[in-house]
2 protein chains.
Amino acid sequence: MASTPDERTGRRIRSVEIAFTILDAIRANEATSVTELADELGHSKSTIHSHLRTLESQEIIVRQDDGYRLSLQLLDMANDVREQVANYEVIVDEVDKLASETGEIAHFGLEEHGKVAYLYKAMGTQAVETVSRPGGKQPMYSTSLGKAILAFLPADRRREILDHVSFAPKTPKTITDPERFADELDVITDQGYAIDDEENIEGLRCVAAPVKNGNTVLGAVSVSGPVSRSTDEVLHGELAESVQRTANVIELNTKFS
Amino acid sequence: MASTPDERTGRRIRSVEIAFTILDAIRANEATSVTELADELGHSKSTIHSHLRTLESQEIIVRQDDGYRLSLQLLDMANDVREQVANYEVIVDEVDKLASETGEIAHFGLEEHGKVAYLYKAMGTQAVETVSRPGGKQPMYSTSLGKAILAFLPADRRREILDHVSFAPKTPKTITDPERFADELDVITDQGYAIDDEENIEGLRCVAAPVKNGNTVLGAVSVSGPVSRSTDEVLHGELAESVQRTANVIELNTKFS
DNA sequence: ATCCTCGTTCGCGAGACGGGAATGACGGCC
DNA sequence: GGCCGTCATTCCCGTCTCGCGAACGAGGAT
């Protein structure tokens, strides 16, 4: 069966899935009363009710006025998440530096479930607004972070991720042809950094470099700037250099876990 | 039955409870393999296995090397939590100010499940180390935040919380006598702020003031300093003033929701 | 090559869980 | 003030899920 126990197999627990559906709804503030949730999610009121009681007794949600909201325990869990990611402090320091040196937005991201998840974000002084936030996810094929990670992942893992991805265009410039994408990855592997040329968000260009620990890719660092400031020269020149240098510093400070 | 649908009644969903038990274990890094989790939690390997698959498909946990860790989605959920709490930005600003004015640690906390949960923490320049972190919980009866909140809660809600609390001494100075505690609350209601005189952590004294919106208590702000610097005069004087002023500013900036 | 360990799968029986309807508590409206 | 309408909560019932134990298979180590 090869060593890849595809995450889409195996038995699921229905009740747990329902519980997380409810959590998602509460999270999105879509509906906060038993009846609304029941309608919204297509379950009986009694079902929703038992689940809410369970989540409440686990102190995951909290009753407020009329309705429910997520509890602060989630903040605590977020703390644990950061502790479980290797080198969080180093990453924060270096990404901060990168942002202030370049003046733009700097990100650190890593691969999760076939997408890039942002771990940390720092804003430089002239940084443009973006909607990204820590914990947010973006496709791998349209972001510099994703491409940088993919390019340095072992071939089998890369294949596995790409096999489950459908290339949907996020902008007119998004690469949607698997062949062309494979070529792009080759280029990235060679030059050591990845470019996103308005492929994920119009008007935004990014450069990213992978952060490795030996052979394994831990994630990637990127800088994002508006097209106006980000000429080919700047992108491939000073910015590419900066992200690579930052990536290196993080690598050097990596305590092998 | 009055309008208080005690959170300890109602049906619970066993599978969901198991799922969260597993999450807790992963959170604590106690055990990260199927077999270890099965031993630790007293369930069969197959049970743990289905649950892990479920949590993974919900993108709550992630496989890493050998074992599992929490996914970055939790960071995203933490963002939502902050958005769901009224006035988060205002609170951050004002608590930051409070910390830099006083030089000490400043906290904002609110009541959840009969305990105080820290929403935000800011460190002043001479702030002492503490173990508190956002999302962390402390008893209400031994903290200034908790006492400030309790003192201004409607009588029935206060009763409800106190009925389910067992006064365990956290330090020699912790108030463990319900009678004395009730008196203390009366004093607090009168003077408008609460003191924690090494009742929660030895060597640490705190002052807190409630943040209200009309009649409802949203939470409380506090300042904590070492006994050395925190004489009665300072505590009841400038610090009490500062926390009350901060609480007021937050109240004034409260958009009624 | 053989054992041991670990993850995964399978089949079964108990009982948990989801549904629907009844109950009860509010609150608004006439 | 009485009467609905709405909503949360509870109860019971029948089904199908879920948790268990055992068997299987894949590595690793000796």
Side-chain angles (χ1 to χ4, degrees), chain A residues 1-26 29-58 60-69 154 156-157 160, chain B residues 1-26 29-58 60-69 154 156-157 160:
Chain A
M1 62 103 199
S3 57
T4 321
D6 188 331
E7 74 182 49
R8 273 157 289 276
T9 66
R11 191 160 52 156
R12 308 291 161 80
I13 312 286
R14 199 160 100 93
S15 327
V16 177
E17 291 182 331
I18 295 177
F20 279 102
T21 312
I22 294 176
L23 259 192
D24 278 343
I26 292 180
N29 261 315
E30 282 172 11
T32 51
S33 75
V34 175
T35 309
E36 283 171 330
L37 283 167
D39 288 347
E40 174 101 16
L41 306 177
H43 293 286
S44 74
K45 282 196 294 177
S46 57
T47 301
I48 301 288
H49 186 253
S50 329
H51 274 278
L52 287 174
R53 276 299 167 73
T54 309
L55 292 172
E56 197 182 1
S57 75
Q58 296 292 318
I60 295 295
I61 61 173
V62 161
R63 245 180 269 220
Q64 197 173 51
D65 313 316
D66 293 346
Y68 294 84
R69 64 162 176 81
D156 53 347
R157 179 108 187 82
E160 198 200 335
Chain B
M1 62 100 206
S3 57
T4 321
D6 190 331
E7 73 183 50
R8 273 156 290 277
T9 65
R11 195 163 49 161
R12 308 291 159 78
I13 311 286
R14 199 160 97 94
S15 327
V16 176
E17 290 182 331
I18 295 178
F20 280 101
T21 313
I22 294 176
L23 259 192
D24 278 342
I26 292 179
N29 261 314
E30 280 172 11
T32 50
S33 76
V34 175
T35 309
E36 283 172 328
L37 284 168
D39 288 348
E40 173 101 18
L41 305 178
H43 292 285
S44 73
K45 282 195 296 177
S46 54
T47 300
I48 301 288
H49 186 253
S50 329
H51 273 280
L52 287 174
R53 277 299 166 72
T54 308
L55 291 172
E56 197 181 2
S57 74
Q58 296 292 318
I60 295 295
I61 62 174
V62 162
R63 246 180 269 221
Q64 196 174 52
D65 314 317
D66 294 344
Y68 295 83
R69 65 162 174 80
D156 53 347
R157 179 108 187 83
E160 198 200 335

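Everything numeric in this text was worked out from a predicted model, so none of it was measured. Chain A is the first sequence line, chain B the second, and so forth, proteins listed ahead of strands; every chain is numbered from 1.
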Is there a side-chain contact between [X] and the phosphate of [N], meaning an N or O under 4.0 Å from OP1 or OP2?
| X | N | value |
| --- | --- | --- |
| His51(A) | dG18(C) | yes |
| Thr35(A) | dA8(D) | yes |
| Arg11(A) | dT8(C) | no |
| Ser15(B) | dC17(C) | yes |
| Ser46(B) | dG21(D) | no |

Between Lys45(B) and His49(A), which is nearer to the 5' end of DNA chain D once each is assigned its nearest nucleotide?
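Whichever sits nearer the 5' end wins; that is His49(A).
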If you pin Val34(A) and Thr47(B) to their nearest nucleotides in DNA chain D, which one's is more 5'?
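The residue closer to the strand's 5' end, by nearest nucleotide, is Val34(A).
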To the nearest Å, give me how far apart [atom1] ([X]) and [atom2] ([N]) are.
| X | N | atom1 | atom2 | value |
| --- | --- | --- | --- | --- |
| Ile22(B) | dG19(D) | CD1 | C1' | 11 Å |
| Leu41(B) | dC18(D) | CG | P | 18 Å |
| Leu52(B) | dG19(D) | CG | P | 12 Å |
| Ile48(A) | dT10(D) | CD1 | P | 16 Å |
| Arg12(B) | dG18(C) | CZ | P | 15 Å |
| Leu37(A) | dT6(D) | CG | C1' | 16 Å |
| Ile18(A) | dC16(D) | CD1 | P | 14 Å |
| His43(B) | dA16(C) | NE2 | P | 13 Å |

Taking Arg14(A) first and then Glu17(A), would you say they form a salt bridge - that is, a charged N and a carboxylate O separated by under 4.0 Å?
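Answer for the salt bridge query: no.
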Do Leu37(A) and Leu52(A) pass the side chain to side chain contact (heavy atoms under 4.5 Å, CB included) test, and can you show the C-alpha distance, the side-chain angles, and the key distance before you say yes or no?
CA-CA 10 Å; Leu37(A) 283 167; Leu52(A) 287 174; 4.1 Å; yes
Which of the following nucleotides, dG7(C), dC17(C), dC20(D), is nearest to the side chain of Ser33(B)?
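Within the option list, the nearest is dG7(C).
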Scan side-chain atoms only and decide if Ser46(B) and Ser44(B) contain a donor-acceptor pair under the 3.5 Å cut-off.
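Distance-only check passes for Ser46(B) and Ser44(B).
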Hey, is the side chain of Arg14(B) pairing donor to acceptor with the base of dG15(C) inside 3.5 Å?
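No pair found.
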Evaluate side chain to side chain contact (heavy atoms under 4.5 Å, CB included) for Thr32(A) paired with Arg69(A), printing each intermediate quantity in order.
CA-CA 8 Å; Thr32(A) 51; Arg69(A) 64 162 176 81; over 6 Å; no
Measuring from atom CD1 of Ile48(B) to atom OG1 of Thr35(B), what distance do you get when rounded to the nearest 0.5 angstrom?
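Reported value, rounded in 0.5 Å steps: 10.0 Å.
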